[in-house]
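Chain letters run A, B, ... following the sequence lines, proteins first, then strands; residues in each count from 1.
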There are 2 protein chains.
Amino acid sequence: MGDGVAGTPTVYDVAGRAGVSIATVSRVYRSPESVREATREKVLVAARELGYVPSGSARGLASRSTGVLGLCFPDYSDPDAESEAATVDADDDHAFMLYSDQIIRGMERAARRHGYALLIAASLTGGPESLVAKVAGRVDGCAVLARTVPTEDLEVISRRLPVVMLAGPPEQDGPGGLDRLDHIEVANAEGQRELTRHLIEDHGLRRLTFVGGIEDSPDAEARFAGFRDACRAAGLPVPDEPDLRAELMTQAGGARAAEELVDRAGPDGLPEGVLFANDQMAVGALHALGRRGLRVPEDLAVTGFDGIPLGRLVQPTLTTVRQPMRRLGEEAVELLVRRLAEEKRGEPESLVLPVEVVRRASCGCGHEA
Amino acid sequence: MGDGVAGTPTVYDVAGRAGVSIATVSRVYRSPESVREATREKVLVAARELGYVPSGSARGLASRSTGVLGLCFPDYSDPDAESEAATVDADDDHAFMLYSDQIIRGMERAARRHGYALLIAASLTGGPESLVAKVAGRVDGCAVLARTVPTEDLEVISRRLPVVMLAGPPEQDGPGGLDRLDHIEVANAEGQRELTRHLIEDHGLRRLTFVGGIEDSPDAEARFAGFRDACRAAGLPVPDEPDLRAELMTQAGGARAAEELVDRAGPDGLPEGVLFANDQMAVGALHALGRRGLRVPEDLAVTGFDGIPLGRLVQPTLTTVRQPMRRLGEEAVELLVRRLAEEKRGEPESLVLPVEVVRRASCGCGHEA
DNA sequence: TCCTACCATGAATGCGCTTTCACAACGCGT
DNA sequence: ACGCGTTGTGAAAGCGCATTCATGGTAGGA
């Protein structure tokens, strides 16, 4: 009130009002114990009267650290919402968590434990470097979901601050060598291998079909590799390529794949089991097979991968491999915090989180495990 | 390489390498079209070679805006996780969204549309103003969930930047008057009134019981008010207080409340319907009643409030009132963006979002609506 | 009593950027 | 040929804070 100051109050205003120097005001906030009790009170009173809030930008600039960690992820929400509005998960959209939600939650909690806030941003299509650069400029360390931005851009940023790539393997980069980023991913191959083994050994299935996705999905490829491993180990024929590739790894794509499988069922008839590279497709397939009058798991087994909540609601409940997305976020924060504590940058790390096979009804298991 | 510069590159380094002034470097990023093509290229090349990323702090300081919106919410995750680890939603914990998740999602999407990133932070118990102040210092505008921090603190902050309170009504503040904050909440009273009306008119129930929560939960109180309105409108007795208050609005609290209701069932026997102030309690009650051998809705109807996903999975499915939490987040961003565009600060706004009664089995409706 | 040690505080500098303001170089019309 | 508006660029002044260094004051030991 009538302090003669127009804009938002700064250290100078508070200092003036409290009759101290700006250094003292700063100290009151940064290291209160170094200021005499009486002085501190004066300053805090003045600050309250003025409605003073320290500027994070100024503080960050002067101290060279922000107390914020960042997360960038691709904008995969909108296309789905528009193209599949009629499917069951449109209704679930508001109820179930996307991967990004889970990772956010994991990171937020872990960040909180370490005293960090979390800055999140999804790539608005168009801005090439704008997204990551914007985030990178405001944080002490940053996690980026695979395939959000070119790895090359990430490496530039990683020269300035710790960057960890989530859910993606190290990539071949430039001449001779992998990228120099930290990575955290889940055990896609191992999970799919174990799931396949379960179908083969525990359910005695032998004619298996793997439905993959687009070729440049490292996840889907790794899962296919796991499938092959299991086939090889069991002495079954080992396919070079997935029997089918869905161009979209969605319910619609899965349904189409299922119909094609049924249509082209040769002299041997249907496969005994169909393994989809993700849950979305498997759920779509479940619906499609039902419409064709086929029973799962009696006529054929079906499995997914991911562990989405929807898998528990469909009929039959979906056998799948659950990914620990929450932990992915938590581990990302732990890694970043560790990096920030380092004197000098260590070698890139690559962490692989274990997954869990979830046995439900669609593979023939009687009950949920 | 060998630029003689040790730390992270700055405008000066880029300018030096490109043979221009720092002003030009800045312009290349802020308004590329004002720089000649050739010059721009020189700068971008130098920037790329150096691994230059503009400092958000410096930019924010100089330009007085950050391009970031903030969200603060209370840390209500941990206590639940510890105290109810054994209940059904512990398993669902990783699958279903909390309110904070939904609001985050809503805000993130809306913020993205407007070119903002989102900074989120939950109050780590202990730091009094530290949380909100930290966030407030780094953002252009800020949403805060009700009861995260004292309203008084928010008003201080709101002198510096737009602040909107989510899911809480305007509060009595200081001498004479409501707080001066923007508010966005949901129609708690209207929703509960409509739900109660449904039980009374459509199902013909007359002996109804409302189970509230702790007294200082504005949500629970508003819902109780709606319950009373409906009773009054129907000519039923209007209670002054909820028949029962659960100290914890959790499944355990709801279960306890249900048992107490059964135990004290007087000469009239049980009420015909029990309305819980939230879904958590209602679900707990469903379990407890089942254990007591009571059938819902045959012996008595049960309803909740919130619309949590779990409500669709329990037996019987839970009739409730769905809150549009996602939209809450979206509207918050819209409001903040509007405020930021204002020349001079307008009057506080208070927006009430409509809710939706979801009729499922627990009230006696045959199927999900 | 004087000197040393320490504590609380102030003065001053710089963090990396944006943003006037000024200026040079260039058309263009008359 | 002259003045004029344009366009592209540089110089310099902060933005609000943290932090170092210097300084005045106070307490303790001799």
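The distance from atom CD of B:Glu41 to atom C1' of D:dG8 is 16 Å, rounded to the nearest whole Å. In this structure, B:Asp13 atom CG and C:dC17 atom C1' are separated by 13 Å, rounded to whole Å. The distance between atom OH of A:Tyr29 and atom P of D:dA18, rounded to the nearest whole Å, is 10 Å. Protein atom CD1 of B:Ile22 is 13 Å distant from nucleotide atom C1' of C:dG14, rounded to whole Å. Following rounding to the nearest Å, A:Glu33 (CD) and C:dT9 (P) show an atom-to-atom distance of 13 Å. The separation between B:Arg160 atom CZ and D:dC15 atom C1' is 12 Å, rounded to whole Å. Note: CD (A:Glu37) to P (C:dA8) measures 12 Å, nearest angstrom.
Counted by atom type alone, B:Asp140 and B:Thr66 present one or more donor-acceptor pairs between their side chains at under 3.5 Å.
Contact annotation: A:Thr24 reaches the phosphate of C:dG10 (side-chain N/O to OP1 or OP2, under 4.0 Å). Distances shown here put every side-chain N or O of B:Ser21 at or beyond 4.0 Å from the OP1 or OP2 atom of D:dA11. Residue A:Tyr52 has a polar side-chain atom (N or O) positioned under 4.0 Å from OP1 or OP2 of D:dC17. Put simply, A:Ser26 has a side-chain N or O that comes within less than 4.0 Å of OP1 or OP2 on D:dA18. The side chain of A:Arg30 places an N or O atom within less than 4.0 Å of a non-bridging phosphate oxygen (OP1 or OP2) of D:dA18. Contact annotation: A:Ser63 does not reach the phosphate of D:dT19 (side-chain N/O to OP1 or OP2, under 4.0 Å).
Where A:Leu61 and A:Ala23 meet DNA chain C, the nucleotide closest to each residue was compared, and A:Ala23 sits on the side nearer the 5' end. Positionally, the nearest nucleotide of DNA chain D for B:Arg40 lies more toward the 5' end than for the other of B:Arg40 and B:Ala58.
Counting any heavy atom pair closer than 4.0 Å across all strands shown, B:Thr39 reaches sugar-phosphate atoms only and no base atom.
Side-chain atoms of B:Tyr12 and base atoms of C:dC15 include no donor and acceptor less than 3.5 Å apart. In terms of polar N and O atoms assigned as donor or acceptor, the side chain of B:Arg27 comes within less than 3.5 Å of the base of D:dG10 in a complementary pairing.
With values rounded to the nearest 0.5 angstrom, A:Ile184 atom CD1 is found 9.5 Å from A:Glu334 atom CD.
Listed candidates were C:dC17, C:dG10, D:dC17. Nearest to the side chain of A:Arg59 is D:dC17. In this structure, of C:dG10, D:dT9, C:dA8, it is C:dG10 that holds the atom nearest to the side chain of A:Val20. Taking only side-chain atoms of A:Arg36, from C-beta outward, the nucleotide of C:dA8, D:dG8, C:dG16 with the closest atom is C:dA8. With distances taken from any side-chain atom of A:Val35 to the nucleotides D:dA18, C:dT9, D:dT9, the minimum falls on C:dT9.
Using a 4.0 Å cut-off between charged side-chain N and carboxylate O, A:Arg109 and A:Glu330 make no salt bridge. The existence of a salt bridge linking A:Arg112 and A:Glu108 is confirmed by a sub-4.0 Å separation between a basic side-chain nitrogen and an acidic carboxylate oxygen.
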key: side-chain contact (heavy atoms from CB on, under 4.5 Å) between B:Tyr99 and B:Leu328, worked out   = CA-CA 10 Å; B:Tyr99 284 163; B:Leu328 208 62; over 6 Å; no
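When each of B:Val20, B:Val35, B:Thr24 is tested with B:Arg40 by the rule side chain to side chain contact (heavy atoms under 4.5 Å, CB included), just one qualifies, namely B:Val35.
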